[in-house]
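Report on one structure; see the data block that follows.
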Number of protein chains: 4
Amino acid sequence: MKDSGKRVQSKRKIILDAAVQVFSTKGYHNTRMEEIATVAGIGKGTIYEYFDSKLQLFQAMMESSLQIYYNRIDMPKLETLTLEERLSVLFESHITFCRENKDLTRIVFWDTEIWDEDLKDWTYNLRNEKEEKLTGIIQDSIERGEIRNVDAKLLTLLIIGSLGSLWVPITLDDWDISPADMAAQLTDIIMKGIRK
Amino acid sequence: MKDSGKRVQSKRKIILDAAVQVFSTKGYHNTRMEEIATVAGIGKGTIYEYFDSKLQLFQAMMESSLQIYYNRIDMPKLETLTLEERLSVLFESHITFCRENKDLTRIVFWDTEIWDEDLKDWTYNLRNEKEEKLTGIIQDSIERGEIRNVDAKLLTLLIIGSLGSLWVPITLDDWDISPADMAAQLTDIIMKGIRK
Amino acid sequence: MKDSGKRVQSKRKIILDAAVQVFSTKGYHNTRMEEIATVAGIGKGTIYEYFDSKLQLFQAMMESSLQIYYNRIDMPKLETLTLEERLSVLFESHITFCRENKDLTRIVFWDTEIWDEDLKDWTYNLRNEKEEKLTGIIQDSIERGEIRNVDAKLLTLLIIGSLGSLWVPITLDDWDISPADMAAQLTDIIMKGIRK
Amino acid sequence: MKDSGKRVQSKRKIILDAAVQVFSTKGYHNTRMEEIATVAGIGKGTIYEYFDSKLQLFQAMMESSLQIYYNRIDMPKLETLTLEERLSVLFESHITFCRENKDLTRIVFWDTEIWDEDLKDWTYNLRNEKEEKLTGIIQDSIERGEIRNVDAKLLTLLIIGSLGSLWVPITLDDWDISPADMAAQLTDIIMKGIRK
DNA sequence: CATGAATGAGACTTCATTCAT
DNA sequence: CATGAATGAAGTCTCATTCAT
């Protein structure tokens with residue numbers, strides 16, 4: 001029983017990993033179920049034992065990828081940290097994560113065509129939750145007088161947007177600047193920009 | 001004869017407009033040629049009189065959209081302008097353009113799966129050209145001592161990324177801030193962040 | 001009126017000639033109406049002023065080609081000629097015709113997929129008529145004691161078959177033997193084969 | 001496992017047989033893949049598991065048909081046989097084959113529009129090989145003094161052409177002459193025609 | 001549980017034919 | 001009469017999904 005359960009669990013994982021690999025390389029529509037099966041080292045029919053359809057598999061993969069990403073780069077909750085420290089950690093963990101999980105990152109930052117309403121909502125909420133958290137932190141800093149009075153939402157977008165545009169050069173590896181440096185400079189610019 | 005020439009011209013345009021509309025809403029693979037034809041108010045076969053294939057139509061649409069966008073938001077060439085003035089114009093024209101051409105904007109900021117190598121290169125070069133121009137302007141400002149010494153490429157990414165993340169709330173219309181205000185605040189943050 | 005009639009007549013002929021050229025080169029299904037129009041130097045729609053459909057055009061072309069061929073190689077009616085003389089004339093006129101009308105010949109000897117029942121019947125009758133005439137001539141020769149008693153129909157097939165297999169090397173031009181020689185040798189073999 | 005292998009083999013064969021049947025009746029272009037599938041008693045898509053395309057299926061069918069035909073009517077290799085005996089065997093085996101494999105024969109003697117260069121070459125070589133063999137045998141007979149000096153290639157064409165024109169009445173069944181008789185008479189005519 | 005041969009819905013594309021000019 | 005832009009029926013082929021083994 002335990003074994004069986006474990007094996008099932010791990011086969012689901014194997015399929016999801018294969019899915020990340022293939023989907024992220026070729027996109028949803030150019031990916032054939034057979035190829036995922038091949039990469040996973042199993043038979044085509046077996047995927048359907050664990051996922052109802054191609055769409056469901058894609059969305060499960062999307063969900064798990066986003067979860068992994070957002071878990072990893074979650075902003076530190078410690079109240080004692082300043083905004084500057086938090087931004088620095090955010091940038092650095094984002095950059096490191098991208099470097100270490102290229103396939104996965106590509107998916108997270110894809111603006112894919114494949115969204116059914118449920119996944120759209122789920123993702124939207126997940127994203128929103130994070131954004132709102134960031135907006136909240138910024139708002140707090142303003143109220144605490146740590147930074148000057150800017151539109152918190154606008155600043156959130158500026159930060160999120162910067163993260164998004166970073167992954168291209170990061171994943172392409174054609175950059176001579178270290179993650180720590182990148183994070184430091186970005187933090188510096190933004191903090192100077194908003195400090196009183 | 002003149003009429004005929006004009007009609008042909010406009011029919012190509014009609015098809016491209018329909019393509020922008022449908023492709024941008026549903027994505028490449030979920031779009032059926034028949035639907036584009038229906039939206040264009042013509043027969044399915046007629047599209048093939050003007051474009052060789054679905055892919056070619058998509059790429060023609062992509063090309064024209066990017067051209068329109070980049071033409072519109074090109075940075076002012078006037079040497080007399082300061083970086084601050086230029087950034088302000090950039091942000092404002094971007095925001096205005098997004099508001100007025102929602103479908104088209106969605107396409108410009110798509111990271112679509114559908115690129116053949118030629119279009120990829122073409123787009124990459126177009127994008128790069130603009131980015132390099134911005135990078136150059138920043139580098140100039142640094143050398144002229146207008147701003148402090150930051151990594152010009154990194155700053156370019158920060159600006160481009162901000163533009164990219166803006167279009168979501170802009171096109172969703174759920175924002176109570178005016179384009180001019182938005183542009184002013186963003187310019188302000190960035191300029192404060194990089195000024196000596 | 002006369003002019004108009006004449007022009008119509010000649011345009012029909014122009015189209016038929018173009019049809020022979022294109023159909024014989026590319027076959028029925030690989031031929032586009034547009035190409036025939038181009039070769040004929042007229043507009044696509046104009047063909048339909050003279051022929052109801054592609055099939056009808058093909059069949060008209062077939063009919064005229066067969067007519068031309070059969071008219072040209074009809075066996076001489078002179079009662080005074082011997083079978084040997086007639087065969088010789090048959091072979092020689094066939095070979096000459098093939099040399100001079102390659103496109104047309106290709107059509108005549110094609111075993112095309114395109115036969116509707118009417119054309120099939122028409123062709124079958126035309127062919128049959130000629131074959132029966134030949135069979136009759138042979139039968140006469142037998143009865144007149146000119147040749148020995150062979151199955152006239154079988155001999156007809158042998159002769160017709162020989163004609164058919166000749167056109168390949170004839171039209172390919174890769175033969176060092178003159179038409180007259182070819183005709184003479186074939187006649188010789190056959191006549192020796194059936195003479196008493 | 002053994003069964004599975006066997007089934008696959010036979011399904012390819014089933015499709016080929018259906019293809020012979022339908023293609024030979026309707027020609028290449030008038031044949032729909034669906035019809036072949038229906039005749040084979042399988043689904044449309046299954047054909048594509050065994051053949052890449054309609055063209056490939058056609059050519060595979062052509063190849064196999066020609067192979068079967070040429071294998072069957074190959075001229076006896078025994079050196080002891082005279083030309084007369086060989087011709088007799090050739091005609092008789094041809095006639096018998098035609099009677100027993102009407103569909104297949106129709107294909108072998110088709111002068112179809114559907115040839116890509118590879119198949120054209122393959123077929124041309126196969127045909128040529130057989131023709132040259134026949135031409136060689138004739139040439140030998142001439143040199144051995146068995147028959148008189150005729151153009152060996154011309155005689156080959158005469159024989160091949162006769163074979164070709166025979167299949168029409170043979171497959172139409174409207175003939176009161178036995179295969180053996182037919183073969184005997186043809187051999188007789190030709191041998192008399194070329195004997196010293 | 002696992003498999004992969006079989007399936008058929010559905011999409012792109014071609015091209016004969018029409019008809020407004 | 002002549003034209004060629006427009007049309008849509010029809011055909012090939014793909015690939016997610018099923019199901020018998």
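Chain identifiers are assigned alphabetically (A, B, ...) following the order of the sequence lines, protein sequences preceding nucleic acid strands; residue numbering begins at 1 within each chain. When reading the values below, keep in mind they use all heavy atoms of this one structure, side chains included, and skip hydrogens, waters and symmetry mates.
Not one side-chain nitrogen or oxygen of C:Y50 sits closer than 4.0 Å to the OP1 or OP2 atom of F:dC1.
Along DNA chain F, the nucleotide nearest to A:D52 and the one nearest to D:K54 differ in position, and the one closer to the 5' end is contacted by D:K54. Between A:S53 and C:E49, the residue whose closest nucleotide on DNA chain F is further toward the 5' end is C:E49.
The distance from atom CD of A:E34 to atom C1' of E:dA6 is 13 Å, rounded to the nearest whole Å. One can place CE of A:M33 at 19 Å from P of F:dT14, the figure rounded to the nearest angstrom. Note: NZ (B:K11) to C1' (F:dT7) measures 10 Å, nearest angstrom. E:dA16 atom P lies 8 Å from atom OH of C:Y28, rounded to whole Å. A straight line from NE2 of D:H29 to P of E:dT14 spans 14 Å, rounded to a whole angstrom. At whole-Å resolution of the value, CZ in A:F51 and P in F:dA16 are 16 Å apart. The separation between D:R12 atom CZ and E:dA5 atom P is 15 Å, rounded to whole Å. Residue D:Y48 contributes atom OH, which lies 14 Å from atom C1' of E:dG10 at whole-angstrom precision.
For residues 40-47 of chain A, proximity to DNA chain E is found at A:I42, A:G43, A:K44, A:G45, A:T46, defined as any non-hydrogen atom under 4.0 angstrom from a strand atom.
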- Task: Show your reasoning for whether side chain to side chain contact (heavy atoms under 4.5 Å, CB included) applies to C:N30 and D:H29.
- Result: CA-CA 9 Å; C:N30 294 321; D:H29 286 103; 3.9 Å; yes
- Hey, mind stepping through B:E49 and B:K11 against salt bridge (Lys or Arg N to Asp or Glu O under 4.0 Å) and telling me if it holds? CA-CA 10 Å; B:E49 297 277 326; B:K11 184 148 293 181; over 6 Å; no
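In the set F:dA2, E:dA16, E:dA2, the nucleotide with an atom closest to the side chain of C:R32 is E:dA16.
Heavy atoms from other residues, nucleotides or ligands lying under 6.0 Å from CD of A:E34 number 12 at most. More than 12 heavy atoms of other residues, nucleotides or ligands sit less than 6.0 Å from atom CD of D:Q67.
Using cut-offs of 30° and 60° for the angle between ring planes, the D:Y28 and D:F23 rings count as parallel.
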- Message: Wobble G-U and Watson-Crick pairs count when both distances are under 3.5 Å; given that, what is the 5' to 3' dot-bracket string of DNA chain F, with | for pairing to other strands?
- Response: .||||||||||||||||||||
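Using a 4.0 Å heavy-atom cutoff across all strands shown, D:T31 reaches sugar-phosphate atoms only and no base atom.
Pairing each heavy atom of D:L57 with each of D:I36, the nearest pair is CD2-CD1, 3.9 Å. Minimum heavy-atom separation, A:R12 to A:F51: NH1-CE2, 3.6 Å. Nearest heavy-atom pair, B:R106 versus B:T25, reported as atom, atom and distance to 0.1 Å: NH1-CA, 3.7 Å.
Put simply, the side chain of B:K54 gets close to the backbone of B:T31: a donor and an acceptor are under 3.5 Å apart.
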